[in-house]
Protein chains: 2
Amino acid sequence: MPVNSRPPTILDIAEAAGVSKTTVSRVLNGSARVAPETRTRVRDAIARLGFQVNLAARSLRTSRTGLVGLLVPVISIFGLIVESLDGQLAEHGLGVLLTSSRRRDAPRDLDSLEMLVGRGVDALVLAPSDDRSPELARYLRSLRTPMVLLDREVRGVACDAVLVDHAPALLAAVRHLVDDGRQMIGLITRNDRTRPGRELVAGFAAACAAAGLAPSSTHVAEFVDLDQQAAQTGVDTLLDRGVDAIIATGTLALTAGILERLAQHGVGVPSEVSLVTWGHAGPENLETGLPTIAYPVEEVARLTARLVLSRIEGSTATPRVEVTRTVFLPGDVPLHAAVG
Amino acid sequence: MPVNSRPPTILDIAEAAGVSKTTVSRVLNGSARVAPETRTRVRDAIARLGFQVNLAARSLRTSRTGLVGLLVPVISIFGLIVESLDGQLAEHGLGVLLTSSRRRDAPRDLDSLEMLVGRGVDALVLAPSDDRSPELARYLRSLRTPMVLLDREVRGVACDAVLVDHAPALLAAVRHLVDDGRQMIGLITRNDRTRPGRELVAGFAAACAAAGLAPSSTHVAEFVDLDQQAAQTGVDTLLDRGVDAIIATGTLALTAGILERLAQHGVGVPSEVSLVTWGHAGPENLETGLPTIAYPVEEVARLTARLVLSRIEGSTATPRVEVTRTVFLPGDVPLHAAVG
DNA sequence: TTGAAAGCGATACCAT
DNA sequence: ATGGTATCGCTTTCAA
């Protein structure tokens, strides 16, 4: 068998199966109007010649790419969501074109967005790093591409969204701490340029109020990046204000940084200061044993995939907003790290 | 200005600029054979009408997609590399089609790969979760798409690769521990289905030998996934064998799990057991203060991008292998986490 | 320096 | 149920 220099096209298949291009196309697209026997012949030919549709050609004709554009601020953080989304979309023959704004600002978001749109993605899944940017809002409004916002609210843009409600988990966390005798709780959280940042601050304030804590005892330290700097400054600030508990809504790296800083100050956890961490819901993930606010990764991915698929299948229904929530896990085993 | 129902094509531009499609195409592709004045007129028209090339059409004609396929086992772990790669490739107008085999096996790798190839990517960047699979090797051999392996070695496949040398860092780490008085070092590392897993084990053994440690004092605990299970079992096994130092070559989650397990055993760090962790090289990343083996994320991404670009530009040179290395950072501040 | 026309590989309409 | 043909938007000879 000679090595074909050129990959087979539907015309090759048509000839091999003794039918027309049209019929091959029908088989490819699962049209019902094909005789079973013909379908078999075509399928055989496809398998025999190792035919694969040329997606560029199909795309040109149908003006659909089978690609979903994904914009996230930091890939490592959104990794599990991206992964889950990728898996679900792949089941429907959709590919994921990924871009990260690398934890930056609105202009960076726009650049990435334009690249995705320029490639003609069929839908966008967006977690811009600044959902308050007017330029972003204007740009999104100008798009016809269907889109789903990932826990973001962009003013004046009516589109599908998956939102995460942080209030119940914060309420539970604060209750847990208060029941444990804590009276002054501090929050270390992200900046307010995206919805979760704002919701966490608001939800925390509400939770403290509901738990009967004096307003003065709620402290918020906000940082642009949830890195070492955030951990150190956050801990120092909060200790300074006399907190006896900290809720940290960031990555495991933030948690580690906070633990280290507390250790440097000689503060015992949880004896002197309680720590509530942030994690992913799901069996696969390492639990530190600390009380944790768990983010519903799979759920978010599932809801997002569903919305995307429905739009790609052509739904023009009014924008839908799905809401899910973080969950507070009390944590069975407190983290006791021994003194060196 | 009426809203165009249909996005402008080069024909629209051609008419608006009073030239032919051909000329517009020449401008688009930066051909030298265009009069400066003509070029300007065309550029104006492009800007005025908000024209964007239809990549599907271009792709059909040139049989290049401008897409690079990326296969990684776990997105969160490869996040920084993906991000950096994405950024560099974007500068050259290339998009990244991402797939993860979700920490699974060879069949999963193959599925993802076929999807990427089916989409006609111009190049592949691969970190399969099992680089010893014969099926994978056979499949890769059958491909014409240029590819770059990310710290993987696939038998019988001659292609570009970026490899990471772990030996020097391990040597330095072991020396550091021995100088510190440690005599029995354990290693907690990943499975041997990929190159880094094998290299770490081999490098560790060599380092121990070079440091004059008895062979019996080197212990390796291998796990499929570097999660909580790995941390607990690894720590238990190693303590059981009487180690006074542990080198953990996994994510921050593994480190956290190990710290926790040690704490549960009431073992002080570093007083009783020293811990060397694994991290990313670079200023952006949180350092725990513990001695660390740092992975050269940016360097790997840069080398990879360079290899990819060179192939995409048509290089048919003999396969190139770039080698970089992890670096041992002694760590200034040991992690003292206070007892609760 | 510029343009006319062919063609990339599919799909979709209209016949039969 | 099947086939012929125009067409999607661009690049690429080949001529002028």
Side-chain angles (χ1 to χ4, degrees), chain A residues 4-43 45-46 49-67 93 117-122 312 314, chain B residues 4-43 45-46 49-67 93 117-122 312 314:
Chain A
N4 292 328
S5 58
R6 189 180 47 80
T9 71
I10 50 170
L11 189 56
D12 298 320
I13 304 301
E15 285 168 0
V19 296
S20 74
K21 292 197 305 179
T22 309
T23 301
V24 178
S25 177
R26 288 206 181 91
V27 172
L28 247 31
N29 294 283
S31 161
R33 306 172 180 286
V34 178
E37 192 267 342
T38 308
R39 186 188 312 275
T40 310
R41 276 212 324 278
V42 171
R43 290 226 168 107
I46 288 178
L49 304 192
F51 166 81
Q52 289 192 247
V53 265
N54 180 318
L55 293 176
R58 168 179 288 176
S59 202
L60 176 57
R61 196 53 243 248
T62 62
S63 55
R64 308 205 323 163
T65 55
L67 253 29
V117 171
R119 288 201 165 270
V121 295
D122 294 341
I312 282 189
Chain B
N4 291 328
S5 58
R6 191 180 46 79
T9 72
I10 50 169
L11 188 56
D12 299 320
I13 303 302
E15 285 168 1
V19 296
S20 73
K21 291 196 306 180
T22 310
T23 301
V24 177
S25 177
R26 288 207 180 92
V27 171
L28 247 30
N29 294 286
S31 160
R33 305 173 180 287
V34 179
E37 192 265 345
T38 309
R39 187 188 311 274
T40 310
R41 277 212 323 279
V42 172
R43 290 226 167 106
I46 288 178
L49 304 192
F51 167 81
Q52 290 193 249
V53 260
N54 179 319
L55 293 176
R58 168 178 288 175
S59 202
L60 175 57
R61 195 53 242 249
T62 62
S63 57
R64 307 205 324 164
T65 55
L67 254 30
V117 171
R119 288 203 165 270
V121 295
D122 294 340
I312 282 189

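To find a chain, count down the sequence lines: A is the first, B the second, and so on, and within it residues start at 1.
Take A/S20 and apply the side chain to side chain contact (heavy atoms under 4.5 Å, CB included) test, not counting sequence neighbours, and it matches A/T22, A/T23. Here A/T9 pairs with A/R6, A/L11, A/D12 under the side chain to side chain contact (heavy atoms under 4.5 Å, CB included) rule; sequence neighbours left out. Scanning for salt bridge (Lys or Arg N to Asp or Glu O under 4.0 Å) contacts around A/D122 gives an empty result, with sequence neighbours left out. Applying the side chain to side chain contact (heavy atoms under 4.5 Å, CB included) criterion to B/V53, with sequence neighbours excluded, gives B/L28, B/F51, B/L55, B/R58. Taking the side chain to side chain contact (heavy atoms under 4.5 Å, CB included) definition, one finds that A/A45 meets it with A/I13, A/A16, A/A17, A/R48, sequence neighbours left out. Shown here are the side chain to side chain donor-acceptor pair (under 3.5 Å) partners of B/R41, two or more places apart in sequence or in another chain: B/E37.
Within residues 55-64 of chain A, the residues having any heavy atom under 4.0 Å from DNA chain D are, by residue number, A/L60, A/R61.
Over its full length, the helix from C/dT1-D/dA16 to C/dT16-D/dA1 turns its helical axis through 30°, comparing axes from the five pairs at each end and rounding to 10°.
Pairs engaging residues 24-34 of chain B under the salt bridge (charged side-chain N to carboxylate O under 4.0 Å, His left out) rule: none recorded [sequence neighbours left out].
Protein chain B contacts DNA chain D from D/dG9 to D/dT12, reading 5' to 3' and using non-hydrogen atoms of the protein with a distance under 4.0 Å.
Straight-line distance from the CD1 atom of A/I10 to the C1' atom of C/dC8: 12 Å, rounded to whole Å.
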Below 3.5 Å between N/O atoms, which protein atoms pair up with nucleotides 2-4 of chain C? Just atom names and distances, please.
unit_1 : atom_1 : unit_2 : atom_2 : d
C/dT2  : OP1    : B/T38  : OG1    : 2.4
C/dT2  : OP2    : B/A35  : N      : 2.7
C/dT2  : O4     : B/R26  : NH2    : 3.4
C/dG3  : OP2    : B/S20  : N      : 3.0
C/dG3  : OP2    : B/S20  : OG     : 3.2
C/dG3  : OP2    : B/T23  : OG1    : 2.7
C/dG3  : O6     : B/R26  : NH2    : 2.6
C/dA4  : N7     : B/T22  : OG1    : 3.3
C/dA4  : N6     : B/T22  : OG1    : 2.9

